[in-house]
Every structure is written in C-alpha cells, then in structure tokens.
Amino acid sequence: DVKVTQSSRYLVKRTGEKVFLECVQDMDHENMFWYRQDPGLGLRLIYFSYDVKMKEKGDIPEGYSVSREKKERFSLILESASTNQTSMYLCASRPGDGYSPLHFGNGTRLTVT
Amino acid sequence: GQNIDQPTEMTATEGAIVQINCTYQTSGFNGLFWYQQHAGEAPTFLSYNVLDGLEEKGRFSSFLSRSKGYSYLLLKELQMKDSASYLCAVLNDYKLSFGAGTTVTVRA
C-alpha cells in the first residue's frame, strides 16, 4: 500500500512564525501536492510538483512556498504564518502517468494564533 | 478557471439508494474522480471516469457525460458506514481540482 506520511498531526504556531510542513511518500511517485481543506470550501490546491525540483502554483499559492529536493519529500513553507492560514493541510502523491488516483496523507491541523 | 459544483448535504435511509450529482466547467479535462472522506480522515479513492458512461464497482457506480460536464456517484444498499463526505474532482493535466464535497448522512 502507498504510504504518505505527514510529519505532524497537530501544530500550533504564532502569527509571524515560519512554519514547515513535511510530507514523505514511499512509492517513488513523481507527482506530489499540497492542499488545504476548509469547511464549505473543500480541498483547494496550494502547490504541486510533477518531479524533483519542479514546482507549479495551484489555485491559492499566496503566502506559501514549497521545496522538493528529493523525490520522496515535499515540504510546504509558510514564510510568515497568519491567522487565515489556520486550516487542515493535506499532502498527496501519485505516479506521473496522470491518470492514477491521488493518495493522501492523514493531514496536519495547523492553528495560527 | 475551474468550477465544480455538488450539493452540500444529502440524507438517506439505510438500504436505500442515493445519487450525488457533480457538474463542472473547467479549462481542460483528463478525467473525473470520486473520493470518500470520513470525518477526521484522509480522502480515499472510489472511482475514476475518463470516457462517457457508467463504471460499476460493487455498491458504488459512477457516471460521466463529458458533453454535459456532468457526473454522478450512485451509492446502493446504503449502510451506516457510508455516512461521509463525497468529493468530486476533475483532472486537468497534472492538476486535480475538487468540489466542496457532499455530506451524506445515512439514517437507520
């Protein structure tokens, strides 16, 4: 089974802090994604990476950046956390064929105070 | 841009059938996925349609009409464990965009 592991299940950070959310997958998938999920808004794509060192902006990239130095790891960075970034963050991966389903991690519930 | 619409909530009785509709207007289309998400858990894959027609997988079926920008997920013989959110998602190149999800509540 594909395993997508997010480093933290719950995080509490202060406004202005730099925050790193880590995601690791063990199935040699080319594509990796970061979403945030908010009630009534569903899953919104922040950034994705179709290969190592490659990244593309999703629908809501403002206030975020990403890093993909190794194939198995995709990091989401909040340069200066704000209260409107309080959310559930979900990482996902899939092979590069474009038609395989996404496999999700269990999510990180981030609270910015 | 992407516009993916699905109803917010649906309620049905155990043993019944429920149909969750999804309409989409997207800049490109490479297929449509349905996911199930139980409260507090990650979404899990249910089905994928790329051609028009019906795909059946046990109690769950998914239908696609590309010309109408329309899909539905059919859940038959509902069980209490089917109470969850159901997410419609459209694939465009590498990017998977989701609707807001439909919360299905199954009552005894």
Side-chain angles (χ1 to χ4, degrees), chain A residues 1-6 8-10 23 25 27 29-52 54-61 66 68 74 87-109, chain B residues 1-9 20-51 55 57 60 62 64 66 71 73 84-104:
Chain A
D1 260 0
V2 176
K3 188 143 188 192
V4 180
T5 303
Q6 294 183 229
S8 303
R9 188 79 172 105
Y10 298 96
C23 175
Q25 49 95 4
M27 284 302 291
H29 285 170
E30 284 78 13
N31 302 162
M32 295 189 75
F33 304 78
W34 275 105
Y35 289 86
R36 63 179 281 178
Q37 187 171 30
D38 301 286
L41 297 176
L43 281 152
R44 292 180 292 166
L45 182 63
I46 305 170
Y47 266 96
F48 65 102
S49 167
Y50 52 88
D51 209 340
V52 179
M54 309 302 287
K55 59 186 179 185
E56 293 280 342
K57 291 180 180 179
D59 298 317
I60 52 162
V66 290
R68 184 125 182 247
F74 192 36
S87 185
M88 171 66 83
Y89 289 87
L90 287 159
C91 174
S93 74
R94 65 168 152 78
D97 60 15
Y99 301 105
S100 297
L102 286 178
H103 298 268
F104 284 89
N106 284 330
T108 297
R109 168 72 64 186
Chain B
Q2 320 286 346
N3 192 23
I4 302 168
D5 289 317
Q6 46 182 134
T8 306
E9 293 179 336
I20 306 168
N21 296 325
C22 172
T23 57
Y24 62 89
Q25 292 175 307
T26 56
S27 55
F29 182 84
N30 294 109
L32 188 141
F33 290 84
W34 284 95
Y35 281 80
Q36 180 190 58
Q37 186 178 27
H38 285 101
E41 297 182 10
T44 55
F45 168 72
L46 287 178
S47 69
Y48 171 65
N49 295 70
V50 64
L51 300 176
E55 294 280 342
K57 267 191 185 183
F60 293 0
S62 57
L64 175 67
R66 288 171 296 170
S71 173
L73 180 69
S85 283
Y86 292 85
L87 313 177
C88 171
V90 173
L91 181 65
N92 180 8
D93 287 335
Y94 296 101
K95 195 173 143 178
L96 196 61
S97 298
F98 286 80
T102 300
T103 300
V104 172

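Because the structure is predicted, anything quoted here is derived from the model rather than measured. By convention in this document, chain letters (A, B, ...) are assigned in the order of the sequence lines, proteins followed by strands, and residues within each chain are numbered from 1.
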Student check: side-chain heavy atoms of A/P101 and B/F33 closer than 4.5 Å: yes

Only pairs of heavy atoms separated by less than 4.5 Å count here; which of A/G107, A/G105, A/G42 has the most with chain B? A/G42

Is the side chain of A/Y35 donor-acceptor paired with the backbone N or O of B/F98 at a distance under 3.5 Å, no angle test? no

Give, as side chain, backbone, both or neither, the part of A/L90 having an atom under 4.5 angstrom from any heavy atom of chain B. side chain

Closest non-hydrogen contact found for A/F104 with B/P43 is CD1-O, 3.6 Å

Going by the side chain to side chain contact (heavy atoms under 4.5 Å, CB included) test, name the single residue among B/L91, B/T44, B/L96 that passes it with A/L102. B/L96

In Å, rounded to the nearest 0.5 Å, how long is the span from CZ of B/F45 to CZ of A/R94? 11.5 Å

Checking heavy atoms, do the side chain of A/L45, its backbone, both or neither come under 4.5 Å from chain B? side chain

Relative to chain B, which segment of A/E56 carries a heavy atom at a distance below 4.5 Å: side chain, backbone, both, or neither? neither

